[in-house]
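Notes to accompany the following structure.
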Amino acid sequence: MNLKEKISKTELIGLYRDMALIREFENETYRQYMQKQIKGFLHVYSGEEAIAVGIMSVLKEHDYITTHYRDHGHALARGLDPKRIMAELFGKATGYSKGKGGSMHLFDSSRRFMGGYAIVAGQMPIATGLALAAQHEKKNALVVCFFGDGAMQEGEFHESMNLAAIWKLPIVFICENNLYGMGAAVDSTYALHDEIYKAGDAYKIPGYKIDGMDLFEVRNVMQKIDSHVRDGNGPVLIEAQTYRFRGHSISDPAAYRPKEEVEYWLGRDPIVLVRNYLIEQGLVTEEELQEADESVEQEVTEAVGFAQESPFPEAEALYDDVYADEE
Amino acid sequence: MTEINYRDALNQVLIETLDSDPSSFIIGEDIGPYGGTYAVTRGLTERFGPERIKDSPLAESVIVGAGIGAAMGGMKPIVEIMTINFSLLAMDQIVNHAAKIRYMSGGQITVPLIIRTVTGGGAQLAATHSQSFEGWYASVPGLTVVTPATAYDAMGLFRSCRELPDPVIFVENALLYSLKSDIPDDYYTVPIGLADIKRSGDDVTIIAYSRMVHVALDAASALASEGINAEVVDLRTLRPLDIDTVIASVEKTHRALVVEETWKTGGFAGEVSSLIHERAFDYLDAPVQRVAGEEVPAPYSSVLEDLAFPYVQRVIESVRSLLSS
């Protein structure tokens with residue numbers, strides 16, 4: 001881990017806090033799921049926080065984001081309100097999608113957070129269209145498209161890479177390689193599993209492999225490619241090596257993963273890494289991070305309180321938002 | 001009034017759309033200098049340039065996805081899927097995404113996208129190029145499905161579709177492109193969700209859409225010489241479906257026949273038939289009948305293909321049998 005840039009203490013604490021917020025939020029969703037306040041599928045982002053936080057910290061207001069169904073972390077890192085995300089998970093009318101999208105389909109158009117998508121790779125073709133809209137708008141914006149290693153096995157990945165390449169679309173494709181597509185190890189499902197970042201070669205898209213557990217490495221690569229993509233030189237592909245600290249979803253104990261492998265990756269906890277680094281380098285004090293931790297706990301508690309107190313949707317809402325004219 | 005064919009009506013309304021809305025553009029396979037497989041986009045590249053008439057790779061899923069994303073970003077894309085057979089390769093984008101993003105986002109995001117495609121058989125293109133899947137799309141909440149049978153309806157419906165903030169499957173028919181009809185010189189629209197009585201009659205109601213409207217009309221003409229006055233209802237829009245016009249007709253004629261090109265099993269004609277039974281059972285003098293495609297993949301040889309899809313004589317016989325029951 002190596003901080004190569006000048007960055008204020010407030011900003012550093014802010015980045016740490018964003019990661020801690022995701023972890024605490026996700027831990028809380030587990031507790032709430034056990035208490036049956038959250039139902040359906042629940043895929044948590046624990047272990048992968050450095051990627052969302054590192055990337056989002058470089059993005060601008062007009063940039064678009066699309067992601068997959070493990071989307072709470074991206075949403076929080078983009079600044080969506082934990083209260084309204086939790087309310088969505090609780091199926092409440094105050095959620096971002098009024099309780100109609102749930103965990104896998106978070107949207108906030110005001111932050112150009114254009115959705116969590118629950119069909120693997122489904123967000124990738126959509127990212128190409130958002131890139132066209134970004135070009136048309138002429139605000140020098142880009143699109144960040146998150147996906148997992150599983151998505152690279154889908155045809156939509158290849159169709160999207162090809163279109164983005166030939167039309168030089170401003171898209172940052174970010175593969176969060178956590179080594180498993182559900183329960184299937186990527187080395188048994190994807191021919192290029194050990195060189196995922198080279199998947200762009202077939203489309204002349206530059207690829208970067210980074211340590212997805214290292215916040216500063218993620219931030220650095222995004223800063224490095226930012227103007228390349230914004231200025232019309234076409235897309236890039238980033239492979240961020242990471243690991244799911246929990247199973248695919250809440251119902252998956254992940255017994256298929258070797259114990260040693262899990263232990264190795266738990267030992268590379270991105271939050272612990274950044275915390276230790278900041279303290280060792282004397283950039284922040286233990287107390288300051290402790291303070292951040294406490295404010296995060298407070299924020300998540302408030303999110304749960306908000307979700308609990310919020311009303312469920314009215315029955316009349318069932319038919320709202322199928323079409324525009326029925327609102 | 002000006003006489004114009006179905007293809008030119010579409011070509012003109014596309015030009016009108018691109019002229020009037022700078023956020024509108026077209027994506028599709030070979031829609032550029034080639035002019036489109038059915039020549040609907042002929043001349044558009046010369047007029048609007050490749051930035052707005054975007055020749056795409058052969059990749060239906062990303063073509064539709066690009067349209068969805070651009071629409072989410074505030075543009076008004078028009079996507080051409082060469083034929084409805086190929087739309088199966090984009091089914092994920094159409095059904096899982098285009099149709100659902102408004103709902104899944106709690107109304108935050110709209111997808112004003114028109115997907116133009118071509119349905120139907122009858123051109124000896126065999127099993128993979130002769131299918132009619134518009135009924136499948138019509139079963140999906142969030143989509144609007146229109147199926148114009150004439151140049152007049154094609155132009156008028158397109159004008160209505162481009163005002164919609166939601167995704168539309170605009171279903172053209174390969175065998176109708178050269179068919180001419182009169183179009184008013186003044187601006188007009190055809191409302192979405194309004195069926196049209198293409199021929200009035202009192203003895204039996206024949207319900208159809210797209211090319212089958214013309215099969216029904218030909219049958220009705222022949223039946224008229226036997227003294228049978230058939231009313232032909234063109235659904236024009238499958239979703240939202242104007243069942244009221246159908247019911248009103250059936251209440252008058254007491255007999256109904258639904259003609260559809262695709263297979264009977266799971267077809268849209270079954271939906272129409274069921275709705276008539278639900279809504280107008282007491283008015284019926286006989287059970288609703290269906291004339292539909294044979295339950296086979298479309299064959300190549302014309303001798304066989306002619307038998308596979310509904311044709312005029314089958315409709316005539318079906319009406320006769322309906323009236324004698």
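Here is the naming used below: chain letters follow the sequence lines, and residue numbers restart at 1 for every chain.
Atom CD1 of B/Ile109 sits about 11.0 Å away from atom CZ of A/Arg112, to the nearest 0.5 Å. Taken to the nearest 0.5 Å, the CG atom of A/Asp320 stands 10.5 Å off from the CZ atom of B/Arg102. In this structure, B/Met72 CE and A/Ser109 OG are separated by 9.5 Å, a value rounded to the nearest 0.5 Å. Atom-to-atom distance recorded for A/Asp108:CG and B/Ser105:OG is 10.0 Å, nearest 0.5 angstrom.
When side chains are defined from C-beta on, A/Phe107 counts as touching B/Ile101, because their heavy atoms get closer than 4.5 Å. Under the 4.5 Å side-chain criterion, counting only non-hydrogen atoms from C-beta, A/Tyr117 is not in contact with B/Asn96. Considering only heavy atoms from C-beta on, B/Val62 stays 4.5 Å or farther from A/Asn162 through its side chain. The shortest distance between side-chain heavy atoms of A/Glu156 and B/Gln93 falls below 4.5 Å.
Within the 4.5 angstrom heavy-atom criterion, no atom of A/Leu169 approaches chain B. With a 4.5 Å cut-off on non-hydrogen atoms, B/Glu51 does not touch chain A at all. Of the atoms belonging to B/Val140, it is backbone heavy atoms, and not side-chain ones, that fall under 4.5 Å from chain A. Of the atoms belonging to B/Pro167, not a single heavy atom falls under 4.5 Å from chain A.
In terms of heavy-atom proximity, B/Ile27 sits nearest to A/Trp167 at CG2-CH2, 3.7 Å. Nearest heavy atoms, A/Ala324 versus B/Asp166: N-OD2, 2.8 Å. A/Tyr323 approaches B/Thr144 most closely through the heavy-atom pair CE2-OG1, 3.8 Å. Closest of all the heavy-atom pairs between B/Asp92 and A/Gly122 is OD2-CA, 4.0 Å. When all heavy atoms are compared, the tightest approach of B/Pro57 to A/Ile166 is CG-CD1, 3.6 Å. Contact record, B/Gly142 with A/Val322: N-CG1, 3.6 Å, taken as the closest heavy-atom pair.
Taking a 6.0 Å sphere around OH of B/Tyr188, one finds it holds more than 12 heavy atoms contributed by other residues, nucleotides or ligands. Other residues, nucleotides and ligands contribute only 12 or fewer heavy atoms inside 6.0 Å of the CZ atom of B/Arg42. Environment of CE in B/Met91: crowded, with over 12 heavy atoms of neighbouring residues, nucleotides or ligands closer than 6.0 Å.
Of the residues considered (A/Lys98, A/Met124, A/Met104, A/Lys100), A/Lys100 shows the highest number of contacts with chain B, using heavy-atom pairs under 4.5 Å. The candidate from B/Ala71, B/Ser56, B/Pro141, B/Ala70 with the greatest count of non-hydrogen atom pairs under 4.5 Å with chain A is B/Ala70. When B/Val64, B/Ile63, B/Leu58, B/Leu143 are compared by the number of non-hydrogen pairs under 4.5 Å with chain A, B/Leu143 comes out ahead.
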